[in-house]
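Here's the structure we're looking at; comments come further down.
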Number of protein chains: 2
Amino acid sequence: MSPAAEILCIGTELLLGTITNTNARWLAEQLASLGIPHLRQQVVGDNRERLIAAVREAAGRCRVLITTGGLGPTPDDLTTEAIAAAFGSSLEERPEAWAAIEARLAARGRSVSASLRRQALLPAGAELLPNPTGTAPGMIWTPKPGFTVLTFPGVPSEMRAMWQATAEPWLRAAGLAGGVFASRLLRFWGLPESDLAERVADLLEGLNPTVAPYAGAGEVKLRLTARADSPTAAQALLEPLEADIRSRLGDLCFGTGDDSLASVVLELLRQRDETVAVAESCTGGGIGAALAAVPGASDGFQGGVIAYANAVKQGVLGVSETSLAVHGAVSDPVALAMAAGVRRLTGASWGVAVTGIAGPDGGTAAKPVGLVHIALAGPDGSRSEGVRFSASRGRAWIQTLTVGEALNRLRLRLLAAA
Amino acid sequence: MSPAAEILCIGTELLLGTITNTNARWLAEQLASLGIPHLRQQVVGDNRERLIAAVREAAGRCRVLITTGGLGPTPDDLTTEAIAAAFGSSLEERPEAWAAIEARLAARGRSVSASLRRQALLPAGAELLPNPTGTAPGMIWTPKPGFTVLTFPGVPSEMRAMWQATAEPWLRAAGLAGGVFASRLLRFWGLPESDLAERVADLLEGLNPTVAPYAGAGEVKLRLTARADSPTAAQALLEPLEADIRSRLGDLCFGTGDDSLASVVLELLRQRDETVAVAESCTGGGIGAALAAVPGASDGFQGGVIAYANAVKQGVLGVSETSLAVHGAVSDPVALAMAAGVRRLTGASWGVAVTGIAGPDGGTAAKPVGLVHIALAGPDGSRSEGVRFSASRGRAWIQTLTVGEALNRLRLRLLAAA
């Protein structure tokens, strides 16, 4: 018998795809923070036989089973009954559980219905897991040596309150919490996941701390996780690892944790007491929206111009008709004129401009879908360069990568100028 | 052997609670729409032995196993290898798979790395499941009579594209889809999910067609699904139902299928040969980005001004210093001046302006976090009105609702003016 935990979520609505299983993720995070290995999650519907089978299988594999769902008063709430049946046990009414349900309904001014009485039934020997915010209690039951099941309702707020008030202290007291986990997320821009994985290939083999790569939209990440006896010891395992990775990847690593390219750029601007404005064509305001998503953005973000139509590039940003005619809207000269124009217009320290072909139409052999020119104008001069994103992932992907690439170029320029 | 399907999601990040399992829900919805019973979901980590055990168990229970994750180039991507091992099969390199990977990398101007070669390995007899948007292909493999496994990468966009292009047609052709399903999604803006559910409460009880409500970010949806012997018969069940719902909800229903508020607004503008420009403060470019997300947006979307700082509201949009001082930046007079300013500046038929307090800071008793003023200036005059969104869900939520509300007001105005 392993000391590991499993999660079993019960509900036909999960199998129909009606709701996302956010409970499983929340519980997984809790188990990780307690250092309890979590090796498997399952979902079954409101079906007595399959529920009994899933509980029996889990009982053969794990030390602790956490269930969610199926504790309510309706006929398709079968969890307690099925778990009892899985171990040949019968249910008995718990007066203290029934009293708690009556008290809660009275407090809400509601009358007691017979169907609620089912919620006071538990197998003999099970401990009540009180529900401070709802009527359906759970249970903590050890039907056989070395196997305990904890049941929770499917309502996320009730499940979380019950976990924190009763289940977590119980797991700690039972000696099941194994050490302490510390975790750190490092964020990168400018290389594909496979390249990142190759550059830290030796570290991906480690068992403690572990390093795991993840791909995002343009961005790639490494999750570092260490296990130790104390938070301090766990952090001490992470620090040299993070330093090693940073020394290998340099400024490809743009941040940690909840950082975004936009939040890092705004922080660099804050340190320099500078500001930025944007001039966006193919992204239509996406760079500005990314900056505005950061709380306190107003310290460094001035705003800008969405120059989607060429008339706006000319009329508002002052791009010359000649430049548009000779070089085309998607070109370095136009990007440079846009960046300079928005900087002049807003008085920002930095102007960031993008102009490109997001597709699906509008591409040519010389200027294909995915081609974007990005210009930066700043206190130390202007620069523009083209980049070609793959057209195969579509318009939204090209727009997302353009937003990230523009912010990353500004980040690198601010770092270089520091 | 039951004709049912199971879903097996592979990834230690799911067991650590690092990410939510949105793939499982999406796949569950697809199976439901195909009429394929889906009786169990599982999650295991990147662990060869446990993966083999989970695959063998599923093979003893279901007809079709759908897996996600573990197809990448890194050493912890074990899915293909483990599935082959579960049935005592070995892997062989598929030249056509390797050629597709090389071609994709060449198109991106990247060189081939040895680690990617693993992605071209499949068990003997497995059919390649092409990945049109990434390098990791999947497979469709029947390792024993009456059991087929379909593998997908964990990246949601790749998985979805592969499902739609190859897996769904394969499941239909294999006769695994139960009858013919027709489905329609109706999209609503301007009422909470609970109100929508109440107004169609009687229809939610129906068994064929079924009606199911979903909440989104501000938007709410109804999924209508009918099952019949032919596509025509299934559509015929949906039509009177849709008409009934539309007659109850009127113009709260803004679209169907892949429509967005932005795409509907652009279509209404196209019909009138009109254009729009935006003047955005608290959304920082989000309305523009939503419009630019629609292919062909350039027909109706001119661009606009991101007036995040008051200096830009004054200097670029011509909002008067008096107006800002007397009424404050978050007010109807300022919103109206912004809308008029961007309309004048760009020559667009319509100007849409938003100014508000997205928080978490900056709120006062008189102007709390969540207060937004939205103005429309058009051929038939100008109007502005405040709206107060709940602050409890945070900055990103307020920004998202503001974008939707602004586009919806323009939609209603265009409908009224028609």
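So you know, we letter chains A, B, ... as the sequences are listed, proteins then strands, and number each from 1.
Only the side chain of Pro213(A) comes within contact range of chain B, with at least one heavy atom under 4.5 Å from a heavy atom of that chain. For a residue to count as touching a neighbouring chain, one of its non-hydrogen atoms must lie under 4.5 Å from one of that chain's; by this rule Ala289(B) touches chain A with backbone and side chain alike. Contacts between Ala290(A) and chain B at a heavy-atom distance below 4.5 Å are absent for every atom of the residue. Leu291(A) does not touch chain B: none of its heavy atoms, backbone or side chain, sits under 4.5 Å away. Residue contact with chain A, scored on non-hydrogen atoms closer than 4.5 Å, involves the backbone of Ile19(B) exclusively. Looking at Ser298(A), the atoms closer than 4.5 Å to chain B (heavy atoms on both sides) sit in the backbone and in the side chain alike. With a threshold of 4.5 angstrom between heavy atoms, Leu8(A) does not approach chain B through any atom at all. Residue Val278(A) touches chain B through its side chain alone, counting heavy-atom pairs closer than 4.5 Å. When heavy atoms are compared at a cutoff of 4.5 Å, Ala293(A) approaches chain B by way of both its backbone and its side chain. Neither the backbone nor the side chain of Glu6(A) has a heavy atom closer than 4.5 Å to any heavy atom of chain B. Using a 4.5 Å cut-off between heavy atoms, Ser115(B) touches chain A through backbone and side chain atoms alike. For Thr18(B), the parts lying near chain A are the backbone and the side chain together; criterion is any non-hydrogen pair under 4.5 Å. Residue Glu198(A) touches chain B through its side chain alone, counting heavy-atom pairs closer than 4.5 Å. Proximity to chain B (any heavy atom under 4.5 Å) is restricted, for Val294(A), to the backbone atoms N, CA, C and O. The part of Val316(A) that comes within reach of chain B is its side chain, from C-beta onward, which places non-hydrogen atoms under 4.5 angstrom from that chain. In this structure, the portion of Pro73(B) lying under 4.5 Å from any heavy atom of chain A is its side chain and not its backbone.
Interface summary for chain B: among Ala24(A), Gly315(A), Ala297(A), the most heavy-atom pairs under 4.5 angstrom belong to Ala297(A). Each of Glu193(A), Gln41(A), Arg388(A), Glu29(A) has some count of heavy-atom pairs under 4.5 Å with chain B, and the biggest count is that of Gln41(A). Each of Arg395(B), Glu280(B), His38(B) has some count of heavy-atom pairs under 4.5 Å with chain A, and the biggest count is that of Arg395(B). Counting heavy-atom pairs closer than 4.5 Å to chain A, the top residue among Gln30(B), Lys313(B), Glu158(B), Arg50(B) is Arg50(B). The candidate with the highest count of non-hydrogen atom pairs below 4.5 Å against chain B, out of Gly45(A), Ala307(A), Ala54(A), is Ala54(A). Annotation: maximal heavy-atom pairing with chain A below 4.5 Å, among Ala279(B), Pro295(B), Ala311(B), occurs at Pro295(B). Your options are Leu16(A), Leu204(A), Leu27(A), Thr225(A), and the one with the most heavy-atom pairs under 4.5 Å with chain B is Leu16(A).
One finds the OG1 atom of Thr20(A) at 9.0 Å from the CG atom of Asn21(B) (value rounded to the nearest 0.5 Å). Between Gln119(B) atom CD and Ser194(A) atom OG the span is 8.0 Å, to the nearest 0.5 Å. Going from atom OG1 of Thr12(B) over to atom OH of Tyr214(A) covers 7.0 Å, rounded to the nearest 0.5 Å. Atom CG of Leu15(A) and atom CG of Leu31(B) lie 10.0 Å apart (nearest 0.5 Å).
For residues 354-361 of chain A, heavy-atom neighbours of chain B at less than 4.5 Å comprise Pro360(A), sorted by residue number.
Between the side chain of Arg40(A) and the main chain of Val44(B), no donor-acceptor pair closer than 3.5 Å is present. Under the 3.5 Å distance criterion, the side-chain polar atoms of Gln399(B) are matched with a main-chain donor or acceptor of Ala292(A). Not one N or O on the side chain of Arg223(A) forms a donor-acceptor pair closer than 3.5 Å with the backbone of Glu13(B).
Counting heavy-atom neighbours within 6.0 Å of Asp202(A) CG, excluding the residue itself, gives a total above 12.
Remark: the Arg104(B) side chain and the Ser390(A) side chain contain no N/O donor-acceptor pair separated by less than 3.5 Å. Between the side chains of Thr133(B) and Arg393(A), no donor-acceptor pair is found at a separation under 3.5 Å.
For Ala165(B), the side-chain contact (heavy atoms from CB on, under 4.5 Å) test picks out no residue, with sequence neighbours left out.
Summarising the geometry of Tyr308(B) relative to Phe301(A), their closest heavy-atom pair is CD2-O, 3.4 Å, with the distance given to 0.1 Å.
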Review point. How far apart are the C-alpha atoms of Val305(A) and Ile306(B), what are their side-chain angles, what is the distance that settles it, and do they pass the side-chain contact (heavy atoms from CB on, under 4.5 Å) test?
Key: CA-CA 6 Å; Val305(A) 174; Ile306(B) 304 171; over 6 Å; no
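Using a 4.0 Å cut-off between charged side-chain N and carboxylate O, Arg61(B) and Glu57(A) make a salt bridge.
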